[in-house]
Number of protein chains: 2
Amino acid sequence: MRRPTLEAVAARAGVSRATASRVVNGQTTVAPHIRDAVLRAIDELGYVPNPAARSLVTQRTDSIALVVSEPPTRVFSEDPLFATVIRSASLELESVNKQVVLMLASSAKSHARVERYIAGGHVDGVMLISMHGADPLPSALSRLRVPVVSYGRPAVPVDIPYADNDNVGGAETAVRHLVDQGRRRIATIAGPQDMIGGQDRLTGYRNVLRDSDRRSIVAVGDFTRESGAVAMRQLLGDDPQLDAVFVANDLMAVGALQALRQAGRRVPDDVALVGFDDIEAAKYTEPPLTTVRHPVIEQTAAMVRLLLDLFAGAPAEPVVLPTALVIRDSA
Amino acid sequence: MRRPTLEAVAARAGVSRATASRVVNGQTTVAPHIRDAVLRAIDELGYVPNPAARSLVTQRTDSIALVVSEPPTRVFSEDPLFATVIRSASLELESVNKQVVLMLASSAKSHARVERYIAGGHVDGVMLISMHGADPLPSALSRLRVPVVSYGRPAVPVDIPYADNDNVGGAETAVRHLVDQGRRRIATIAGPQDMIGGQDRLTGYRNVLRDSDRRSIVAVGDFTRESGAVAMRQLLGDDPQLDAVFVANDLMAVGALQALRQAGRRVPDDVALVGFDDIEAAKYTEPPLTTVRHPVIEQTAAMVRLLLDLFAGAPAEPVVLPTALVIRDSA
DNA sequence: TGTTATGGAGAGAGCGATCTCAGGGTCGGG
DNA sequence: CCCGACCCTGAGATCGCTCTCTCCATAACA
């Protein structure tokens, strides 16, 4: 007992396959009563189009790969970034009837697997979210003649459109805010330096300090809460007099806040703290976190739009979204 | 400039399409020198089989959906369970040349989307990891005549094979261990009661207490670390004399440990603690956590095997893997 | 030498959709 | 009343592959 085919639907409705196909694909050039007959037949038979047959002739699959090029432990960490990107990309593409296929590319072996899958034409395009500098995937995929876009500027210079947020500018705004408050010893907890976001946010910090006659005090974390606490303790050891910290993401800022509390420093009285990302948790810290908004959903939407542009043959230029300082109580 | 077809490969190698196909699919009935010629042609043209055309005739897609029926926030939480299942399922299926397609089914809307995708025949089978009682997906999918297996016993009674671990038995072993140590007031931090794992582990706790003439003291968490801390504080309020706690998963146990420390209780001297799952972090707590091993990788492998059995037409009976008490320092 | 296995290659029929193109109505205008 | 325009519908080719079936060549045996 096989699944019903379009042929069966057509027979039952008393029309040709072509007409049935027209109805299935929502063409308007079909007489209403015939349309209804076909729809009824579809319903009665429980017809669902065979995607293989369809994509064989259309040369489309209507599915898009979201390749996350990170070890699973990072993807499935407490960082809500990936979850948000995945969810909003799915949502965004759902509205144009495309399905997101999530692929994790951690090891070199899984890279090869992903490449084979993409090269095989299983998907119409690729959204890449890869943050590490050494990642060979962006260039590998761009060679495959498949439409590829990236979430965030690829670390390796490679000619694929991307949607990013203004990491440098955001960091500059944050640090300038601390300068404007008259803070003198402004430290930073930077992100990992093999990630473009980590680099750019540190650059922003340095830019402002350079122009404002202050010495830079840097500790490096890896974007996890734990590493934020560790880095904060280290900074307090390096310079017990520090009166402000710019933290490269909110997760580390939460850890830093904890470390400051344990060290008996009041925030913002003794030490002002600015984070980056504006994750949900930033509202609920004690005190609520002043931070730079990283528009994840908008950035994802922009990335999706870039991909759709590529499909349409339109030119797709990189997009950089502005960030905005969200002032709460920690600075 | 289109992708080369099998026809092109055959032409270049001077053989028929059928022979080229035989080589591509690794059949042995091809003369070595012809085989080589075809392989060379494949290499020179950069030929990759068209999956749509292939699955149109074979009626296979060689991809398997892993449907995670949880809100993304839970999937991408600090709980390493999902990451491990995803990784080991991919690994396991890779060896039989099948690709895992990850689908998140959180809302009712995404349920419909997943169902449509599966019904469309995009995948050969489905692995379901769904923990909530009210989840309509198991029964919905089982109606679709697609091979479906489940990670963990489905909360609704439905006829799909599953691989589970012995939650009840594991909990019993843990609590018995506490009884054997002469603990008198043994509390539990249970998991969410709309999840089968949460229910079963509480059942195990109750079974042993009932037989050992002790009163049960229950607080309920939601498997997150935070909720473990909250529940522990509540238990200490309810019965300041308690001398042991069985915690339904390690994540909550970590939180409980923290709460106990803050309350000035020594572990295991004042209060003994047993967790469940044996996650990596359990080794590194202070003191290291005594816990029940939940064999995630083996269980995933068993689930994959069940699915492959279904493909082969073999009967697939539910599998329940044994758990084992891992004794460290907390009890 | 004739006959039967046997191994290896090719011809051709599908798989289930889309899409172009041609043909048969209906209608309005001359 | 005839004809061109227009709107629907159907016939049939096509997408790229697998797989059965047939056929040929060589080997093995009597």
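All chains are named by letter (A, B, ...) in the order of the sequence lines, taking the proteins before the strands, and each is independently numbered beginning at 1.
Between B/N50 and the phosphate of D/dC15, there is no side-chain N or O to OP1/OP2 separation shorter than 4.0 Å. The side chain of A/T5 places no N or O atom within less than 4.0 Å of a non-bridging phosphate oxygen (OP1 or OP2) of C/dG16. The phosphate of D/dT18 has OP1 or OP2 within less than 4.0 Å of a side-chain N or O from B/S21. When the side-chain nitrogen and oxygen atoms of B/Q59 are compared with OP1 and OP2 of D/dT18, none of them lie within a distance under 4.0 Å. Between B/T58 and D/dT18, a side-chain N or O to OP1/OP2 separation shorter than 4.0 Å is absent.
Following rounding to the nearest Å, A/E7 (CD) and C/dA17 (C1') show an atom-to-atom distance of 11 Å. In this structure, the CG atom of A/N25 is 7 Å from the P atom of C/dC19, given to the nearest Å. Between the CG atom of B/L45 and the C1' atom of D/dG16 there is a distance of 15 Å, given to the nearest Å. Rounded to an integer number of Å, the gap from CZ of A/R17 to P of D/dG12 is 10 Å. D/dG16 atom P lies 20 Å from atom CZ of B/R60, rounded to whole Å. In this structure, CD of B/Q27 is placed 16 Å from P of D/dC17, rounded to the nearest angstrom. In this structure, the CZ atom of B/R54 is 21 Å from the P atom of C/dA17, given to the nearest Å.
With D/dG12, D/dC15, C/dA11 as the choices, the nucleotide that has an atom nearest any side-chain atom of B/S16 turns out to be C/dA11. The side chain of A/T29 lies closest to D/dC8, out of D/dC17, D/dC8, C/dA17. Candidate nucleotides C/dA9, C/dT18, D/dC17 were compared by shortest atom distance to the side chain of B/L6, and D/dC17 ranks first. Closest approach to the A/L56 side chain among D/dG16, D/dT9, D/dT18 is made by D/dG16 (side chain taken as heavy atoms from C-beta onward).
Across all their heavy atoms, B/E115 and B/A140 have their closest contact at OE2-CB, 3.6 Å. Minimum interatomic distance between B/S106 and B/E70 (heavy atoms only, all atoms of both residues): CB-O, 3.7 Å.
Backbone-only engagement by A/V15 is indicated by non-hydrogen atom pairs under 4.0 Å involving sugar-phosphate atoms exclusively. Counting non-hydrogen atoms under 4.0 angstrom, B/A31 reaches the backbone sugars and phosphates but no base. Residue-level contact check: A/P51 touches neither bases nor backbone, having no heavy atom under 4.0 Å from any strand. At a threshold of 4.0 angstrom between heavy atoms, the contacts of B/V30 are confined to the sugar-phosphate backbone, with no base atom among them.
Surrounding CZ of B/R113 are more than 12 heavy atoms belonging to other residues, nucleotides or ligands, all under 6.0 Å away. Atom CG of B/L144 is surrounded by more than 12 heavy atoms from other residues, nucleotides or ligands within 6.0 Å.
Note: A/H122 and A/Y117 have parallel aromatic rings, judged against thresholds of 30 and 60 degrees for the angle between ring planes.
Along DNA chain C, the nucleotide nearest to A/P49 and the one nearest to B/I34 differ in position, and the one closer to the 5' end is contacted by B/I34.
For B/D62 and B/K98, the salt-bridge test passes: some basic side-chain N is under 4.0 Å from an acidic carboxylate O.
Donor-acceptor pairing under 3.5 Å, judged by distance alone, is present between the side chain of B/R22 and the base of C/dG10.
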